[in-house]
Amino acid sequence: MLIGGHAVRGSAAMIHAVDPATGERLEPGFPGATPTDVGQACALAWAAFPAYRETGLEQRAAFLETIADEIVALGDALIERAMRESGLPRPRLEGERGRTCGQLRLFADVVRAGHFLDARIDPAMPDRQPLPRVDLRLRNIAIGPVAVFGASNFPLAFSVAGGDTASALAAGCPVVVKAHNAHPGTSAMIASAVRAAVARSGMPEGVFSMLYGAGNEIGTGLVADAHIKAVGFTGSRSGGLALMKVAAERREPIPVYAEMSSINPVILLPGALAARGEAIGQGFAAALQLGAGQFCTNPGLVLAIEGPDVAAFVKGATEGIEGASPQTMLTPGIHAAYEQGVASFAGHDGVSTVARGAEATGRYQASARLFATDGDRFLRDHALQAEIFGSASLLVRVKDAAALANVLEALEGQLTVSVHMEDSDRETVAQLLPTMEIKAGRLLVNGFGTGVEVSHAMVHGGPYPATSDGRTTSVGTLAIRRFLRPVCYQDMPQPLLPDALRDGNPLHLWRMTDGALSRD
Ligand SMILES: NC(=O)C1=CN([C@@H]2O[C@H](COP(=O)(O)OP(=O)(O)OC[C@H]3O[C@@H](n4cnc5c(N)ncnc54)[C@H](OP(=O)(O)O)[C@@H]3O)[C@@H](O)[C@H]2O)C=CC1
Ligand SMILES: O=C(O)CCC(=O)C(=O)O
């Protein structure tokens with residue numbers, strides 16, 4: 001583990017990764033943290049907070065870039081270990097390393113630009129009638145130390161130095177990570193890279209810690225610790241809800257940004273089905289099986305208006321599913337949950353199995369499934385909205401556009417909604433669009449939600465249960481907002497103001513002065 005600048009051997013139960021391709025228990029084991037370790041890491045984070053949140057923009061940006069450099073310097077050993085711990089193939093993990101470093105560097109640019117400070121100045125108007133106006137200046141400050149839960153399905157990009165950590169550090173928040181038990185060795189390597197970057201950049205040691213813990217005690221203790229001021233989480237709905245409860249019951253409740261479950265509806269409209277139904281089916285099958293379906297953006301629900309061309313979609317999807325090999329899932333637990341989910345759909349009255357991938361041969365391998373039902377049945381049974389984490393999807397045939405709108409209306413919150421359309425479908429899309437906006441954080445045309453771009457306009461969020469707070473995103477530069485809070489300075493003398501708000505604009509920021517943006 002890493003507690004501040006110190007590599008520490010835990011003294012609680014040992015955690016071993018399992019190679020899901022072979023079932024082999026991987027050495028070394030990583031002993032878990034005790035509640036005392038949690039307290040120490042959080043206290044160090046709190047001690048680092050005053051200095052870290054006021055680091056210069058250039059210094060903080062360089063720190064984020066140094067973390068990326070140190071991760072690259074880990075070399076191939078990182079990829080080898082992550083492959084063994086996750087069962088994910090090399091190209092996927094090399095891509096994920098690129099994304100992890102890319103998002104650290106993107107947040108460095110965000111820090112340098114300084115827009116996240118949202119500096120605003122309403123100058124005093126002493127002669128205003130009937131009352132004078134005071135001088136008001138606003139900037140965002142960091143919220144405080146953040147607890148980050150590494151996700152199992154992205155051992156690099158959503159884990160120890162993933163998007164939550166990058167955005168929290170960019171905001172000026174120290175981070176304490178609860179490593180995911182599925183990839184403790186990968187986590188140790190990344191933590192060592194962050195530790196080296198902390199030392200090289202001269203940051204306070206408590207700016208970053210990482211703890212192991214099996215069972216719920218360490219995660220719960222971390223969220224309950226009074227020094228922690230926000231939480232970033234990607235995982236199951238039950239895990240996210242449990243942590244939200246802990247956070248809400250604290251003496252000082254704190255925000256939990258949990259990304260939990262989404263089935264990402266894909267709407268197939270008649271014009272698109274007539275023009276290219278089979279190709280859409282093929283594209284769908286590829287998206288469904290990407291990464292063994294272990295993406296929260298996986299297309300778990302397909303809504304199609306009944307008609308002769310739905311068969312073309314089914315043909316393309318079936319070929320794509322039946323022609324694919326089974327894939328190894330991330331952990332024995334995730335594999336078991338998938339098998340249980342598909343068994344429950346397969347045995348469900350009124351649900352048929354349309355396509356099934358080749359039989360699995362490996363212990364933790366899974367084969368894809370496409371199930372089908374009708375709109376009335378789907379509306380009657382809420383259980384059919386449950387996420388099956390993996391390559392399983394449910395095709396819901398509805399009789400017309402009105403029935404389609406009813407099904408959409410009945411859905412829970414989502415990360416994405418995709419619509420496949422031609423010009424002839426435009427009227428239907430216009431009618432569905434307001435509901436799509438209410439239901440999801442990202443609306444796609446003629447695409448699938450997998451493969452999230454890390455950029456300025458990305459929203460990887462959505463109403464509950466997609467996330468615990470649909471006002472924000474966990475991917476893209478807007479993610480920094482989760483860890484900021486505005487402070488207004490009224491009639492504060494110039495020497496006491498932060499540089500971001502001083503007259504003369506010493507940081508050369510874009511600032512809003514009396515409602516107008518300028519760098520004056
Ligand atoms: N929508 C999505 O993006 C994802 C969904 N999932 C879903 O989650 C299932 C399990 O996968 P997994 O990744 O392990 O996700 P979990 O939600 O089970 O675990 C994620 C992290 O949260 C911790 N945690 C979970 N529950 C609690 C709790 N009650 N109190 C304190 N800490 C808790 C875990 O620690 P510990 O293990 O030590 O308890 C782990 O570190 C999958 O089968 C899938 O259904 C998974 C990944 C992504
Ligand atoms: O597809 C992506 O890039 C992100 C998906 C994600 O956030 C997840 O699966 O947890």
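Nothing fancy with the numbering, it's 1 onward along the sequence. One-based numbering, in listed order, for ligands and for the atoms of each.
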Side chain, backbone, both or neither: which part of [X] comes within less than 4.0 Å of ligand 1 when only heavy atoms are counted?
X: Ile218; answer: neither
X: Arg237; answer: neither
X: Thr331; answer: neither

Can you tell me if [atom1] on [X] sees more than 12 non-hydrogen neighbours from other groups inside 6.0 Å?
X: Leu433; atom1: CG; value: yes
X: Arg481; atom1: CZ; value: no
X: Gln340; atom1: CD; value: no
X: Arg250; atom1: CZ; value: yes
X: Arg471; atom1: CZ; value: no

Contact atoms of ligand 1, heavy-atom distance to [X] under 4.0 Å:
X: Thr220; result: 30 (N), 31 (C)
X: Gly215; result: 36 (P), 38 (O), 39 (O)
X: Ser152; result: 12 (P), 13 (O), 47 (C)
X: Leu243; result: 30 (N), 31 (C), 32 (N)
X: Ser236; result: 6 (N), 7 (C), 8 (O), 9 (C), 15 (O), 16 (P), 17 (O), 18 (O)
X: Phe149; result: 22 (O)
X: Glu387; result: 1 (N)

Heavy-atom nearest neighbour of [atom] within options [options]:
atom: atom 5 (C) of ligand 1; options: Ala466, Gly219, Gly235; value: Gly235
atom: atom 26 (N) of ligand 1; options: Ser238, Gly221, Gly239, Gly32; value: Gly239
atom: atom 42 (C) of ligand 1; options: Val177, Leu241, Ile334; value: Ile334
atom: atom 21 (C) of ligand 1; options: Phe295, Tyr338, Phe233; value: Phe233

Review item, side-chain donor-acceptor pairs of residues 290-301, under 3.5 Å, at least two apart:
| unit_1 | atom_1 | unit_2 | atom_2 | d |
| --- | --- | --- | --- | --- |
| Gln294 | OE1 | Leu330 | N | 2.8 |
| Gln294 | NE2 | Gly291 | O | 3.1 |
| Asn298 | ND2 | Gly390 | O | 2.8 |

Quick one: closest heavy-atom pair of [X] and [Y], and the distance?
X: Tyr338; Y: Ala392; result: CE1-CB, 3.8 Å
X: Glu412; Y: His382; result: OE2-NE2, 3.2 Å
X: Val256; Y: Leu243; result: CG2-O, 4.0 Å
X: Ile254; Y: Ala230; result: CD1-N, 3.9 Å

Nearest protein heavy atom to [atom], by residue and atom, and its distance?
atom: atom 47 (C) of ligand 1; answer: Phe389 CZ, 3.6 Å
atom: atom 1 (N) of ligand 1; answer: Met260 O, 2.4 Å
atom: atom 37 (O) of ligand 1; answer: Asn181 ND2, 3.5 Å
atom: atom 29 (N) of ligand 1; answer: Ala242 CB, 3.2 Å
atom: atom 19 (O) of ligand 1; answer: His180 NE2, 4.0 Å
atom: atom 3 (O) of ligand 1; answer: Cys296 CB, 2.8 Å
atom: atom 41 (O) of ligand 1; answer: Lys178 NZ, 2.9 Å

Thinking salt bridges, do [X] and [Y] make one under a 4.0 Å N-O criterion?
X: Lys439; Y: Glu437; value: no
X: Arg92; Y: Glu96; value: yes
X: Arg195; Y: Glu205; value: no

Pair His183 and Phe30, ring centroids less than 6.0 Å apart: no

Ligand 1 to Gly213 polar contact by distance, N or O atoms, under 3.5 Å: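 Between Gly213 and ligand 1, an N or O pair is found under 3.5 Å apart.
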
Asn216, any N or O under 3.5 Å of ligand 1 N or O: yes

Under 4.0 Å from ligand 2 - residues by heavy atom, chain and number: Arg99, Asn153, Phe154, Phe158, Thr234, Glu259, Phe295, Cys296, Thr297, Gly451, Val452, His460

Contacts under 3.5 angstrom, residues 452-466 side chains, donor-acceptor by atom type, not counting sequence neighbours:
| unit_1 | atom_1 | unit_2 | atom_2 | d |
| --- | --- | --- | --- | --- |
| His456 | ND1 | Thr477 | OG1 | 3.0 |
| His460 | NE2 | Glu259 | OE1 | 3.2 |
| His460 | NE2 | Glu259 | OE2 | 3.4 |

Contact check, Gly333 vs ligand 1, heavy-atom distance below 4.0 Å: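 In this structure, Gly333 fails to qualify as a contact of ligand 1 - no heavy atom is under 4.0 Å.
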
Side-chain donor/acceptor of Ser367 to backbone N/O of Ala360, under 3.5 Å: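 Side chain of Ser367 to backbone of Ala360, a donor-acceptor pair under 3.5 Å: no, none is there.
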
Using a 3.5 Å cut-off and no angle test, enumerate the donor-acceptor pairs between side-chain atoms of residues 65-74 and protein atoms at least two apart in sequence or in another chain.
| unit_1 | atom_1 | unit_2 | atom_2 | d |
| --- | --- | --- | --- | --- |
| Glu65 | OE1 | Arg112 | NH2 | 2.9 |
| Glu65 | OE2 | Arg112 | NH1 | 2.8 |
| Glu65 | OE2 | Arg112 | NH2 | 3.4 |
| Thr66 | OG1 | Ala62 | O | 2.7 |
| Asp69 | OD1 | Arg105 | NH2 | 2.6 |
| Glu70 | OE2 | Arg200 | NH1 | 2.7 |

